[in-house]
Each structure stands twice: as structure tokens, then as C-alpha cells.
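Please read the structure below before turning to the comments.
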Amino acid sequence: MATELKAREYRGLAAEQMLGIYRTMYLSRRVDDKEIQLKGQNKIFFQISGAGHEAVLTAAGMALKPAYDWFYPYYRDRALCLQLGMTPLEQLLSAVGAEADPNSHGRQMPSHWGHKKLNIVSQSSPTGTQFLQAVGCAEANYRVGLIEELKGRVENFHADEVVYVSTGDGTTSQGEFWESLNTASNLKLPVLFLVEDNGYAISVPVEVQTAGGDISRLVAGFPDLYLQKCDGTDPVESLETMQRAVEYCRARRGPALVHAQVIRPYSHSLSDDEKLYRPDEERTTDAERDPVKRFGALLIEEGFVTQEELQKLKDEVDAEVSAAADLALASPQPAPETATEFVYSPDVDPTAKEFDTEAGAELSGNMGTMVDNINRCLHEEMARDPSIVVFGEDVADVSREENLGKVKGKGGVFKVTANLQRKFGSARVFNSPLAEANIVGRAIGMATRGLKPVVEIQFFDYIWPAYHQIRNELALMRWRSANDFKAPIVIRCPVGGYLKGGAVYHSQSGDTLFTHIPGLRVVYPSNALDANGLLRTAIRSDDPVLFLEHKHLYRQAYNKSQYPPDNFLIPFGKAKTVREGTDLSIITYGALVQRSIVAAKQAEAQGTSVEIIDLRTLAPYDWDTIAATVKKTSRVIVAHEDTRTHGFGAEIAARIGDELFEYLDAPVRRVAALDTFVAYAPVLEDHILPQPDDVLRAITELMAY
């Protein structure tokens with residue numbers, strides 16, 4: 001009788017909504033199954049499923065707004081993306097690696113979601129990197145509320161938008177998960193965390209991953225965090241839970257975390273066989289909680305459909321998926337020549353003439369140090385562009401704003417950011433937690449929305465917690481999304497040694513670990529004037545830039561300069577000939593520029609004319625100037641502060657040998673630090689780092705070759 005009458009609602013949900021929920025869940029499962037079939041036929045190359053997670057993800061998609069809210073999903077979130085409006089064809093285009101795939105245009109693995117029109121931000125494979133970016137995305141919205149000039153500059157801004165970020169139970173073990181909760185709670189950001197707990201991280205069960213086996217208990221102490229648990233295999237309960245969490249975030253009461261218990265009826269991926277570590281009885285118990293089967297049975301029991309009507313719906317979905325698979329398989333792959341597109345911005349070229357106002361620039365005022373000139377540039381650029389925000393450890397004058405009138409202010413450990421907070425306010429200049437990944441991850445999220453973060457890593461020696469974000473997220477965002485998303489931030493970072501007492505952990509170089517990363521610009525000025533012009537170019541460029549500031553050079557008298565005008569720009573990839581010569585060339589940068597000048601003057605007394613080239617930027621570097629000086633002198637030294645083995649000089653020397661061999665009258669010589677670490681004792685530091693005497697010895701030996 002109930003079937004004949006046709007039920008109209010269930011717990012406040014209309015029949016149409018109930019059937020829509022089932023359709024999305026079943027569609028998600030069938031796309032998974034189709035991909036598994038295609039993988040077995042060697043027509044696709046990877047598969048990882050969202051099976052067992054469909055109910056809570058469909059609910060999440062219903063509770064949130066596509067193209068309004070923002071989404072940082074993880075690879076199980078197939079049903080969420082379908083509910084938001086991604087089509088089965090779009091998902092299968094990703095599986096086959098088609099150029100038309102809106103997720104990554106054939107550049108990312110399947111189930112790594114991204115969709116510009118739906119505000120689904122490009123996803124990477126490392127688990128956990130999405131958390132801090134989601135926080136930064138929400139923080140962009142928060143900053144708009146504090147900075148009037150930002151309205152209209154933040155992409156797709158809505159005052160009550162929510163940022164969704166999801167994770168499996170295993171990834172909650174990552175430190176960045178805890179860093180993101182800390183900042184989201186501290187700033188009361190509208191971030192909705194969904195923990196999809198299927199009990200396993202590949203083969204590792206939750207009780208091994210998480211103390212006590214329950215992440216909800218561990219996070220319960222975060223202030224203003226709305227914490228909810230639900231049966232993630234029940235779409236109605238999940239929807240009610242997600243709606244409460246979304247409402248909490250929209251009301252700007254703080255972040256929310258929904259801990260959903262789900263199942264994983266298939267193996268982690270097709271590269272995994274769960275039968276190797278899960279007993280049959282455990283897998284059978286999971287199968288009994290299958291959300292697709294249970295909800296289909298509920299629809300029949302409650303009288304929404306008959307068995308025949310449900311089968312008809314399933315047949316329609318099956319046909320849709322099969323047709324989408326045929327279209328996807330016929331869709332062209334990306335052209336090979338597109339492989340290098342979007343490594344860098346196609347719109348702004350920082351090596352172009354428009355970024356070259358160096359010649360004839362009128363300098364004025366007192367002589368300023370590198371610190372002074374960088375600080376001046378930051379002041380001028382922040383006045384020009386209200387989207388610039390500056391943050392990091394200790395960069396503000398004082399965190400407690402009420403004390404600004406009582407104290408002189410910090411402004412960074414080297415005073416590079418002094419008085420920026422006083423001038424531009426605490427909404428644009430602020431301190432971060434002592435957490436480098438937090439700084440860079442949040443900056444990526446902000447930049448995705450259109451802000452221009454200029455962040456500081458206090459010492460290069462402590463950049464390594466952020467390396468994961470820099471290498472796998474920052475540098476890759478544009479390329480892996482085929483230019484749908486970008487993150488043009490500037491990371492300022494004091495670097496290098498020659499500081500008495502710096503020792504192992506305040507004297508590191510390591511620049512080649514960053515010049516090796518496609519998509520990242522690396523800048524390394526040697527004097528105050530260059531620092532000003534190169535930083536301005538870095539800020540105005542459209543690529544992520546690592547801006548290395550040598551600590552020893554911050555306040556040297558020999559590299560001071562008067563101040564250039566506020567349109568002073570030095571293009572990337574333009575080296576500077578700091579000393580003309582005819583007998584031998586030194587190609588160098590950073591602190592070795594001055595040491596090379598000292599050695600060159602000594603060599604001149606011995607009758608040798610030395611030309612010195614300051615590269616100024618390492619990625620890109622100026623090959624044309626290098627080639628010209630090699631052809632001119634035929635003898636070359638590459639001098640740098642980092643260790644010799646695998647150092648940046650190896651790249652220059654190898655390319656000279658490869659492309660300019662016929663112009664050489666002697667082997668290319670490298671002068672660099674010893675292959676060890678920088679020691680505390682001054683006599684050891686002097687021995688480890690290259691000195692003018694080392695450069696002079698190389699000049700003498702090369703001239704005698």
C-alpha cells in the first residue's frame with residue numbers, strides 16, 4: 001500500500017531529494033566500477049575509488065554551494081564532485097588523461113579533483129597539504145572583512161562563503177592537519193573539516209594511526225571548533241550533520257569538524273590488495289553497511305520507489321556512464337608540445353623589457369643598506385597594491401596592537417619589515433605561528449583567491465618544514481591545473497653564512513635545492529640597489545618567487561646605495577657585469593661577488609685582468625651574458641657559497657662545457673664551500689666557506705694552465 005501511495009517525504013526530505021541522493025551515490029559507485037573495468041582492460045592507468053564514502057559526500061555537496069563556497073577535496077571525494085556539478089564524462093576524461101579533462105587537462109592522476117568553475121581547487125597527491133591552503137583560502141575572506149580596499153580583488157568573494165576541506169583518518173596524523181586546526185580556530189575561520197574515517201590508511205588501521213583510535217577525542221579542546229560525529233554511510237543523518245556544521249561556519253562562529261564513520265569496500269587503490277591484511281569477516285561486516293545498497297533498500301521500504309523503478313533508475317545511470325566512457329576514450333590526449341606550457345605564467349614575463357627600468361634610474365637620499373632598500377621597496381609596494389599582505393614569524397612591530405605606542409617594535413629579527421605594521425595596519429602585516437609550513441600553505445590559499453602574500457621565513461635554515469608546500473604545491477599549482485589556478489607569492493628568506501657564531505643552523509645555503517624546482521623563481525641579490533629592484537619585480541611578477549637575502553650583506557658599507565624611484569625594476573635573468581676584464585671570468589652571486597672583487601684586485605696586481613659577472617637571479621639565470629664572457633676571456637671560474645658537490649656551479653660549468661667547449665682555453669674551475677657543514681668556531685667557518693684567497697688561488701692556477 002505504501003508503495004502505491006508513493007511516500008512524499010522522509011525526515012524533512014522530499015521524494016525528489018531522496019531519489020536525487022540515491023542517484024548521485026549510485027552514479028559515483030558506477031563511475032568507480034567503470035574505471036576499474038577500464039583499468040583491467042589497460043585503457044586507463046590508475047584508479048582509486050570513493051566507494052563506501054558516497055553518502056556523506058553527497059550530503060556535503062547538498063549542504064554546500066557549488067561555485068560559491070570553496071572546496072579542497074581529497075581523492076575519495078568523487079560523490080561530492082558529482083553532487084557539485086562535475087559530470088561523469090569530466091571524471092572519466094581525467095581517468096583517460098584527456099586534454100579536455102577539466103581537473104588537470106591530462107596532467108594529474110584520476111580522482112585528483114580540480115574544477116575552476118565549481119571552485120574546486122586543484123588537488124595534489126601528497127596527503128595533508130590541502131589543510132593549510134584551505135585555511136589560507138578562508139583567511140582571504142577574513143582579510144576582506146578587515147581591509148576595505150580588498151573588496152572586488154578577492155576572487156569570487158561572498159561574505160558568508162565556507163571553505164570545505166576533507167581528509168581520510170590516516171592523514172589526520174600529519175602535522176599540517178594540527179597546524180590548520182590551530183590557525184582556523186585562532187582566527188575563527190569558516191573552514192569545514194570533513195574526516196572520512198574508513199578505519200584504514202592503506203593497510204594501517206586507525207588505532208595505529210591515532211592515539212585512542214578516535215580523532216574527535218583528540219581535537220575536542222580546540223576553541224570555537226564545532227565538533228560533530230555521524231554515520232557517514234547514512235546520507236540523511238550525514239546531511240543533517242553537515243547542514244548544522246555549514247550553518248555554524250556561515251554564521252562566522254568558527255571552524256567545524258565532522259567526523260564521519262564510513263567504509264572502504266574496495267582496496268585502497270588498484271595498486272593495493274586489502275585481502276592481504278583484512279580478514280574476510282571484517283570485509284563482510286563492512287559490506288553489510290554499504291551505503292548504496294542500504295539506501296536503495298530504504299527507498300523501497302519507505303515507499304519512494306518500487307524495485308522495478310529503482311532498477312530503471314540504475315539502468316539509466318549505467319547507460320550514462322557507459323556513454324561517458326566511450327566519449328572519454330575517444331577524446332584526444334594532450335599534444336606532446338604542450339608539456340612545458342604553464343610552468344610559469346603565460347601572462348607576465350619578469351624577464352621582459354617592461355621590467356627593466358634600471359638604466360638611468362635617478363637615485364636620491366642618504367645611502368641605505370640592503371635592509372633599508374628592501375624595507376623601502378616593501379613600503380612603496382604595499383602603498384601601491386592593497387592586495388599585498390606581509391606575514392611570518394616576528395615580522396610585525398608588535399602583535400598586541402595596543403602596545404604600538406609604548407614600544408619601538410620588532411619588525412623582523414633583522415628589522416627588514418620594521419614599521420610596516422604601523423603604516424599599513426595589523427590586517428595586512430601580522431605575525432604567524434612558529435610554523436614554516438603554516439606560513440607558506442596559508443599564503444598559497446590566499447594567493448589562489450587573488451591576494452599577494454609576501455611572507456618571510458625567518459632563517460633559510462628553517463625553511464625545510466615548508467619545503468613540502470613549496471616543492472609539491474606552490475611551484476606546481478599552475479602547471480598541474482593547466483593555468484586554472486596559480487599562487488604567485490613571494491617568500492623572503494635570510495640566507496648564508498660569514499656570520500661569526502652562525503654555526504650549522506644559521507649559515508646554510510642550499511640554493512640548488514630550490515633552483516632545481518620548475519615553476520619557482522629564485523632571486524639572490526648581492527647589494528642594496530639590486531635587492532630593491534629585484535624585490536619589486538618579484539612582487540609584480542605572476543610566479544612564485546624565493547627571494548634570498550644574504551644575512552652578511554644586510555648592513556655592509558660596500559654594498560650600500562641611495563634610494564631608487566618607486567618604479568625601479570630589474571628583470572629576472574639579467575646578470576650584471578660588476579667588473580670588466582679580458583683574461584678570465586668569474587661567474588658568481590651573493591656574498592661571493594665582493595670576495596671575488598677582492599681577489600680580482602689582487603690578481604690585477606699580478607697582471608691578470610678579471611671580469612666578474614653577478615648573476616643576480618638563479619632561476620632564470622642569464623645564459624647570454626655567461627656565453628659572452630666565456631667567449632671574451634676563454635677562462636672561467638664559477639664561485640658560490642654553497643657546497644661544491646651538486647652545487648649551482650655544476651650546472652653552469654656543465655652547460656659551458658656542453659655548449660661553449662670550443663671557446664675554452666682551460667677547464668672550468670669551481671670555487672665553493674667544502675662538502676661539510678658550517679661550524680661555530682671562526683677558524684673552522686673561515687676554512688669551510690670560500691674566501692678571497694680561495695678565489696685568487698683558482699685564478700692563479702687557471703691562468704697557469
Side-chain angles (χ1 to χ4, degrees), residues 9-32 49-86 91 111 113 118-120 134 161-169 190-198 215-216 226-250 255-265 289-299 302 304 313 317:
E9 68 90 26
Y10 178 83
R11 289 167 65 172
L13 293 174
E16 184 180 357
Q17 291 174 293
M18 294 289 283
L19 291 172
I21 290 170
Y22 180 81
R23 193 182 195 287
T24 300
M25 291 169 58
Y26 183 74
L27 177 61
S28 180
R29 183 68 61 89
R30 294 307 288 154
V31 175
D32 266 329
S49 84
H53 293 230
E54 297 97 343
V56 71
L57 290 169
T58 301
M62 294 174 69
L64 292 156
K65 301 178 184 180
Y68 187 99
D69 295 319
W70 287 77
F71 301 89
Y72 287 80
Y74 94 119
Y75 46 78
R76 303 276 186 220
D77 285 18
R78 184 185 301 282
L80 168 81
C81 295
L82 290 169
Q83 183 63 40
L84 291 174
M86 193 181 292
Q91 297 196 349
S111 299
W113 313 111
L118 297 174
N119 290 353
I120 302 172
E161 68 192 37
V162 174
V163 178
Y164 163 99
V165 62
S166 60
T167 178
D169 51 285
V191 183
L192 172 54
F193 295 83
L194 174 61
V195 178
E196 302 165 40
D197 188 349
N198 61 33
I215 191 63
S216 300
Y226 181 68
L227 186 60
Q228 293 282 287
K229 297 183 77 169
C230 70
D231 177 359
T233 65
D234 180 339
V236 179
E237 180 184 330
S238 296
L239 179 58
E240 292 168 347
T241 305
M242 294 298 294
Q243 286 174 333
R244 292 194 300 270
V246 170
E247 182 182 0
Y248 182 86
C249 291
R250 287 211 197 282
L257 187 145
V258 174
H259 183 186
Q261 299 290 341
V262 296
I263 61 167
R264 199 188 75 189
R289 296 181 59 219
D290 189 307
V292 178
K293 293 178 181 178
R294 284 174 61 201
F295 197 63
L298 177 71
L299 291 177
E302 293 292 328
F304 287 99
L313 185 155
V317 169

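Quick note: residue numbers are just sequence positions, from 1. What you are looking at is a predicted structure, and each value in this text was computed from that prediction instead of being measured.
You'll find the side chain of Met18 reaches within 4.5 Å of the side chain of Phe295, heavy atoms only.
Atom NZ of Lys293 is surrounded by 12 or fewer heavy atoms from other residues, nucleotides or ligands within 6.0 Å. Counted within 6.0 Å of CD on Glu16, heavy atoms from surrounding residues, nucleotides or ligands total 12 or fewer; the atom is thus considered open.
Contact detail for Val163 and Ala134: the closest heavy-atom pair is CG1-O, 3.5 Å. Contact detail for Val56 and Cys230: the closest heavy-atom pair is CG2-SG, 4.5 Å. Residues Pro255 and Tyr248 come closest through the heavy atom pair O-CE2, 3.3 Å. Here the closest non-hydrogen pair linking Ala245 and Leu192 is CB-CD1, 3.6 Å. Shown here for Pro66 and Phe71, the closest heavy-atom pair between the two residues is CA-CE1, 4.2 Å. Closest approach of Pro190 to Cys249, counting heavy atoms only: CB-O, 3.6 Å.
Residue Ile215 holds its CD1 atom at 9.0 Å from CG of Asp197, rounded to the nearest 0.5 Å. The distance from the CG atom of Leu64 to the CD atom of Gln243 is 10.0 Å, given to the nearest 0.5 Å. To the nearest 0.5 angstrom, Arg264 atom CZ is 8.0 Å from His53 atom NE2. How far CG of Leu298 is from OH of Tyr22: 11.5 Å, rounded to the nearest 0.5 Å. Here CG of Leu239 is found 10.0 Å from OG1 of Thr58. Values are rounded to the nearest 0.5 Å. In this structure, CZ in Arg23 is found 10.0 Å from CG in Leu82, a value given to the nearest 0.5 Å.
Side chain of Ser238 to backbone of Asp234: a donor-acceptor contact under 3.5 angstrom is found. In this structure, Asp169 contributes its side chain and Asn198 its backbone to a donor-acceptor pair below 3.5 Å. Using a distance-only test at 3.5 Å, with no hydrogens or angles considered, a donor-acceptor pair links the side chain of Glu237 to the main chain of Asp231.
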**OP:** Could you walk me through whether Val162 and Trp70 pass side chain to side chain contact (heavy atoms under 4.5 Å, CB included), step by step?
**Re:** CA-CA 6 Å; Val162 174; Trp70 287 77; over 6 Å; no
**OP:** Apply side chain to side chain contact (heavy atoms under 4.5 Å, CB included) to Ile21 and Leu13, showing your working.
**Re:** CA-CA 10 Å; Ile21 290 170; Leu13 293 174; 4.0 Å; yes
Original post:
Do Met86 and Trp113 pass the side chain to side chain contact (heavy atoms under 4.5 Å, CB included) test, and can you show the C-alpha distance, the side-chain angles, and the key distance before you say yes or no?
Top reply: CA-CA 10 Å; Met86 193 181 292; Trp113 313 111; 3.9 Å; yes
**OP:** In sequence, state the C-alpha distance, the side-chain angles, and the governing distance for Thr241 and Arg244, and then conclude on side chain to side chain contact (heavy atoms under 4.5 Å, CB included).
**Re:** CA-CA 5 Å; Thr241 305; Arg244 292 194 300 270; 3.5 Å; yes
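Judged as a side chain to side chain contact (heavy atoms under 4.5 Å, CB included), and not counting sequence neighbours, Glu247 has no contacts. Partners of Ser166 according to the side chain to side chain contact (heavy atoms under 4.5 Å, CB included) rule, which considers only residues two or more places apart in sequence or in another chain, are Pro73, Tyr74, Asp77, Tyr164, Leu194, Glu196.
The pair Arg250-Asp69 meets the salt-bridge criterion, since a charged nitrogen lies less than 4.0 angstrom from a carboxylate oxygen.
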